[in-house]
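Report on the structure given below.
Each ligand, and each atom within it, is numbered from 1 in the order the structure gives. Computed over heavy atoms, backbone and side chain alike; hydrogens, waters and symmetry mates excluded.
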Amino acid sequence: MNWKEVCQYNPKLNLEDCYIYDTTLRDGEQTPGVCFSMEQKLDIAKKLDELGVKQIEAGFPAVSKSEIENVKKIANEGLNAEILALSRALQGDIDKALSCDVDGIITFIAASPLHLKYKLHKSIEEVEEMGMKAVEYAKDHGLFVAFSAEDATRTPIEDLVRIHKNAEEHGADRVHIADTTGCGTPQSIQYICSELSNNLKKAHIGVHCHNDFGLAVINSIYGLLGGAKAASTTVNGIGERAGNAPLEELLLTMNVLYDVKTDLNISIIKELSTMVENYSGIKIPVNKPIVGDKVFYHESGIHVDAVIENPLTYEPFLPERIGQKREIVLGKHSGCSAVESKLKELGLEVPKDRIWDLVKKVKTTREGGEDIDDEMFIKIVDIINKQ
Ligand SMILES: CC(=O)SCCNC(=O)CCNC(=O)[C@H](O)C(C)(C)COP(=O)(O)OP(=O)(O)OC[C@H]1O[C@@H](n2cnc3c(N)ncnc32)[C@H](O)[C@@H]1OP(=O)(O)O
Ligand SMILES: O=C(O)CCC(=O)C(=O)O
């Protein structure tokens, strides 16, 4: 049996050479209140590596002494993924990243009018010069270099293109379109990426999308359609404010909806999500797409009747593929099929002509405020059989 069934009009996207760089350990950890221990960071890095992501942004070494130790530990763990660190456009930050033995850095400096005026208090020429010095310095030290003109979606396109072309000329391997406050739309991100793509010769583009309007995944997809080759994610979408593009959602959207072969080990998605949920303390809603505990639960009788025969009738893909599980929940919306399947599962029997009475009792019990767990169901079956 097929493991997924989606809209036949979804385009098949040619994104086979695109890849994910995950920033759970850096932007994810910037979620207010989150602070991973070294062991937790290492566990998450290993799980991301098992998933098969190409690059792991392990941290921001300038933050603290122990952050340097964390990043260094991950960089020396012999993982398959390339390990990156974040740095401002400052030699001191890059030296700290170098001391961690990372494979590369993401060095950033904002060029938007807002950030120039109210944060950096510098002219665009000054920040461009700082950015180029940072790129050149990191390249001279043999690093993979991604350069990010932070707040790119609120930066005039001519400045963005000029600065990123300049970064390419100074040796940047990748340049980022960072939608720092999640204020871009699919159309604007695609436009910015394609304008940039038309102007670059060697460097490729990465998109880093925030989720302030719940658009981070679709904005990332449109960035890729605009010519970007890399997309940034965090597990469960943790990160600044409303977070970043959730890894699990972007991956499954690419994989299931757009039929992109990503070669990632998606069977550990739920496990990875639970690990990050526990370590970060950021609880995910039970109905969170892909990884929520109950997104493959069914109660409605009409759904359950069909799901028993073929789960794809009411699921876009099979949960077992990502380590998730399906459950049939009994309640107000149950019908005969659901109740009969529960009887079978528990090895119970009720005369055929009493099944509807059993269904009615399940409904009224739930409406009376009780959950219908197995124990309650057994009690109800007993009542029906004794009547
Ligand atoms: C969009 C993003 O996610 S950017 C990453 C955000 N992450 C973090 O901030 C990580 C946690 N931060 C920290 O631990 C601290 O802020 C540190 C250690 C990085 C810096 O601490 P401090 O030296 O005390 O600086 P402070 O936090 O007060 O202000 C930031 C400074 O960096 C400067 N700065 C900001 N971005 C850049 C940049 N890209 N390149 C160079 N300088 C920058 C600011 O102008 C400010 O400079 P100032 O101290 O001369 O005013
Ligand atoms: O471009 C990046 O990957 C880093 C910049 C960033 O974190 C942001 O602008 O939100």
Which atoms of ligand 1 are found less than 4.0 Å from any heavy atom of [X]?
X    : value
L120 : 34 (N), 35 (C), 36 (N), 37 (C), 43 (C), 45 (O)
A62  : 18 (C)
I109 : 39 (N), 40 (N)

Output yes when a protein non-hydrogen atom is found under 4.0 Å of [atom], and no otherwise.
atom                    : value
atom 18 (C) of ligand 1 : yes
atom 43 (C) of ligand 1 : yes
atom 4 (S) of ligand 1  : yes
atom 48 (P) of ligand 1 : no
atom 21 (O) of ligand 1 : no
atom 7 (N) of ligand 1  : yes
atom 15 (C) of ligand 1 : no

Sub-4.0 Å heavy-atom approach of H210 to ligand 2: yes

N or O pair under 3.5 Å between D151 and ligand 2: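 There is no such contact.
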
To the nearest 0.1 Å, how far is [atom] from its closest protein heavy atom, and which atom is that?
atom                   : value
atom 3 (O) of ligand 2 : H176 ND1, 3.0 Å
atom 4 (C) of ligand 2 : R26 NH2, 3.5 Å
atom 6 (C) of ligand 2 : H208 NE2, 3.3 Å

Test of proximity, [X] against ligand 1: N or O pairs below 3.5 Å:
X    : answer
E150 : no
F108 : yes
A89  : yes

E136 and K133 ion-paired at < 4.0 Å: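 A salt bridge is absent here (no side-chain N lies under 4.0 Å from a carboxylate O).
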
R26 and ligand 1 - part of the residue with a heavy-atom distance under 4.0 Å: side chain

Residue part near ligand 1, for Q30, under 4.0 Å between non-hydrogen atoms: side chain

D27 and ligand 2 - part of the residue with a heavy-atom distance under 4.0 Å: side chain

Proximity to ligand 2 by part of Y21, non-hydrogen separation under 4.0 Å: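 For Y21, only side-chain atoms sit under 4.0 Å from ligand 2.
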
